[in-house]
> 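Would you mind keeping the following structure in view while I ask a few things?
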Amino acid sequence: MAIVAALGVAACSYNAVPLASGGTNFYTTADDKISGKFLFAVDATSLTKMRVEDASKGYICGAHKVPVDAEAPFRSSVQQTMPLVFEESEMVAVSPGTESMRRDGVAGFVLVKVDGFQASVGYAKKFFGVDANAMVDLNVGISVVTPEGKILSSSVNATRSKITDGGFFCEGGSDATAQATSLAIREAMERVAERLSGSQKVRDAGKVAVATGSSSAPVSYHTRLSEAQQALAPLLPRRLIGAKRNGDLALIVGIDRYGRLPRADFAENDAARFAEYAVNALGVDPSKVKLLRGDQATRNDVVKALATWAKAEMMQGGSTVHVFFSGHGLASSDGKDVFLMPFDGDPTVLKESGIRREEIIARLSEAGAKDVVMVLDTCFSGGTRTGQTLMAYARPIAISPTAGAFPRNATVLSAASGAQLSSGLPGAKHGALSYFVMKGLEGEADANGDRRITAAELHAYVKDRVSKEAVRQGRDQIPELSGDGGKVLVEW
């Protein structure tokens with residue numbers, strides 16, 4: 001026991017990454033969804049500002065910290081819930097205003113706001129090890145405004161707890177906190193759905209909009225799901241626990257709400273979920289996972305992570321750095337360089353505001369990385385997952401990188417080839433490449449059954465499935481692999 005105590009004295013930080021969960025199980029007396037077109041927005045900024053840490057006392061685990069950032073899972077959960085309540089719903093960044101709603105035939109605007117969030121985790125000593133007991137309290141406000149004014153102002157509360165094994169180094173506190181937060185989010189979404197579905201005023205507003213013929217906009221891309229997409233299996237991030245690689249790092253970036261560009265649907269959800277796979281399947285220590293999303297993924301944020309965070313965490317000459325990016329990408333006008341677009345990226349000054357793919361590899365290599373493995377759920381053709389263009393003069397540019405285009409220590413899996421677009425899967429709330437990469441990391445990509453997944457095996461798995469899903473959407477998309485196909489990504 002003295003050895004255990006000595007190991008546990010140093011304070012560590014284990015990030016808790018909750019899962020997104022829509023309000024699929026809610027009570028309503030209505031037989032149908034609310035008619036009319038409703039816009040909705042999410043204010044979850046307090047979930048970013050309130051980085052809750054473990055404050056438990058006693059025993060050795062009390063020195064450890066468990067930061068929680070539930071903003072992206074909460075946003076995604078609201079996105080999953082609204083189509084269950086409304087016949088037609090669309091997420092927007094800000095309130096459209098009553099005049100805009102009246103002009104565009106919108107029945108109402110729904111704001112879902114996090115009013116309060118508290119989380120704590122304590123540890124109880126048992127015969128072998130400890131138990132981690134997490135408690136989460138979540139308060140959510142709901143308001144609905146129609147062209148005629150506000151018709152609903154309400155709030156819901158969800159309090160959930162979870163007990164898990166604390167682990168040898170108290171790392172189980174992050175699992176308990178993440179699971180308790182996920183449960184609280186799901187319960188809150190169910191209560192939100194109940195309040196909205198059960199509001200006669202909201203239902204009447206939808207009926208009025210339909211009766212006047214003003215709500216005539218077609219169902220949006222987000223709510224038009226094919227039968228195949230509805231049948232997509234849920235992600236199970238703890239299905240495969242790979243060998244621990246405590247020297248490795250993971251830099252994960254996801255941006256779906258850009259400052260100057262169209263949305264990249266589900267990109268932040270991609271990043272939040274991939275962080276779980278980095279820890280579970282890839283074996284990266286939670287303290288060595290850097291997650292940047294939305295407006296926290298500016299060019300400066302990403303470059304700073306490469307220049308300072310990665311360098312400080314690197315085990316010189318022995319670290320593999322996993323880089324995951326979901327969002328927009330663009331190619332230079334001559335097609336020689338490709339850039340990942342940060343939150344503040346501007347296509348009109350691409351070289352100055354974008355982040356060149358090779359620059360990322362070079363910076364990490366200079367910092368001491370042994371290998372760099374990149375998963376890029378983006379295309380460089382100037383298009384989005386929904387077929388929009390990133391700039392008025394954007395055009396597809398054929399880019400077919402060869403193995404020689406990358407340093408020997410780099411392995412890159414890209415979502416699409418040449419002028420193809422990167423597809424989204426509304427049924428899964430993920431990008432196509434991201435979803436199938438994560439399913440592959442659950443063990444499904446192990447083609448020869450040797451309990452190891454190589455880059456080539458993962459590529460073969462996602463190439464087959466992504467291309468089929470793209471065909472269902474009426475487009476071509478063939479993921480590409482550059483670099484060492486024999487690189488072992490997962491073993492167990």
Side-chain angles (χ1 to χ4, degrees), residues 11-20 47-48 51-54 64-73 76 121 167 169-179 181-182 235 237-255 267-294 296-297 301-315 318-327 340 360 363-364 367-377 430 434 437-438 441-442 489-490:
C12 296
S13 180
Y14 298 108
N15 294 328
V17 184
L19 304 181
L47 290 179
T48 300
R51 307 282 180 147
V52 182
E53 298 183 353
D54 169 42
H64 295 263
K65 299 179 180 179
V66 186
V68 183
D69 185 356
E71 182 189 12
S76 180
V121 58
F169 293 108
C170 312
E171 69 276 9
S174 63
D175 284 342
T177 306
Q179 291 181 46
T181 305
S182 300
L235 292 173
R238 293 187 63 83
R239 181 178 179 184
L240 188 156
I241 305 299
K244 297 300 180 184
R245 300 184 182 185
N246 294 327
D248 291 355
L249 284 70
L251 174 60
I252 302 169
V253 181
I255 312 157
E268 292 177 33
N269 198 30
D270 293 341
R273 295 305 297 271
F274 189 81
E276 299 177 73
Y277 287 83
V279 173
N280 294 321
L282 300 179
V284 181
D285 187 281
S287 66
K288 294 191 175 184
V289 175
K290 186 74 169 180
L291 182 58
L292 301 174
R293 292 169 294 176
Q296 297 177 3
D301 290 326
V302 177
V303 171
K304 185 177 179 181
L306 294 169
T308 60
W309 173 80
K311 188 173 183 179
E313 297 292 339
M314 199 82 69
M315 184 174 70
S319 292
T320 292
V321 182
H322 298 273
V323 178
F324 175 90
F325 178 87
S326 183
L340 306 181
I360 295 174
R363 283 180 177 272
L364 291 174
K370 176 183 178 183
D371 298 296
V372 178
V373 177
M374 304 182 79
V375 174
L376 306 179
D377 197 348
H430 285 289
S434 296
V437 162
M438 290 185 278
L441 293 178
E442 291 176 10
L489 305 178
V490 183

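Residue numbers count from 1 along this sequence. In what follows, every heavy atom counts, from backbone to side chain, and hydrogens, waters and symmetry copies are set aside.
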> Is there a side-chain contact between F324 and L282, using heavy atoms and a 4.5 Å cut-off?
no

> Is there a side-chain contact between D285 and R245, using heavy atoms and a 4.5 Å cut-off?
no

> Is any side-chain heavy atom of F325 closer than 4.5 Å to a side-chain heavy atom of I252?
no

> Could you tell me whether the side chain of V323 reaches within less than 4.5 Å of the side chain of L364, counting heavy atoms only?
yes

> Report the residues that fulfil salt bridge (charged side-chain N to carboxylate O under 4.0 Å, His left out) with D301, sequence neighbours left out, ordered by chain and then residue number.
none

> Which residues pass the salt bridge (charged side-chain N to carboxylate O under 4.0 Å, His left out) test with E313, not counting sequence neighbours?
none

> Do you know the tightest heavy-atom contact between Y277 and M438?
CE2-O, 3.1 Å

> If the condition is side chain to side chain contact (heavy atoms under 4.5 Å, CB included), which residues does R363 pass it with, not counting sequence neighbours?
V303, L306, A307, E359

> Walk me through whether H322 and V284 qualify under side-chain contact (heavy atoms from CB on, under 4.5 Å).
CA-CA 9 Å; H322 298 273; V284 181; 4.2 Å; yes

> Inspect the surroundings of NZ in K244 and state if more than 12 heavy atoms from other residues, nucleotides or ligands are less than 6.0 Å away.
yes

> Excluding sequence neighbours, so at least two apart, what forms side chain to side chain contact (heavy atoms under 4.5 Å, CB included) with V279?
P286, V289

> Looking at every heavy atom in both A297 and V253, which two are closest together, and how far apart are they?
CB-CG1, 3.9 Å

> Can you confirm whether L376 sits close enough to L340 that some side-chain heavy atom of one is under 4.5 Å from a side-chain heavy atom of the other?
yes

> With a 4.5 Å heavy-atom cut-off, do L291 and F274 have their side chains touching?
no

> Is a donor on one side and an acceptor on the other found under 3.5 Å between the side chain of K288 and the backbone of N246?
yes

> Look at the side chain of S319 and the backbone N and O of A369, then say whether any donor-acceptor pair between them is shorter than 3.5 Å.
no

> Distance check, rounded to the nearest 0.5 Å: K370 atom NZ versus M314 atom CE?
13.0 Å

> Do R273 and P237 make a side-chain contact, defined as non-hydrogen atoms from C-beta onward lying under 4.5 Å apart?
yes

> Taking all atoms of both residues into account, what is the closest heavy-atom pair of E268 and G254, and its distance?
CG-O, 3.3 Å

> Tell me the closest heavy-atom pair linking L292 and A305, and the distance in Å.
CD1-CB, 4.3 Å

> Does the side chain of D377 come under 3.5 Å of the side chain of S434 through a donor N or O and an acceptor N or O?
yes

> With the side chain counted from C-beta on, respond yes when I360 and M374 share a heavy-atom pair under 4.5 Å apart, and no when they do not.
yes

> D371: what forms a side chain to side chain contact (heavy atoms under 4.5 Å, CB included) with it, not counting sequence neighbours?
T320, N409, K487

> The criterion is side chain to side chain contact (heavy atoms under 4.5 Å, CB included); which residues satisfy it with L240, sequence neighbours excluded?
A281, V490, W492

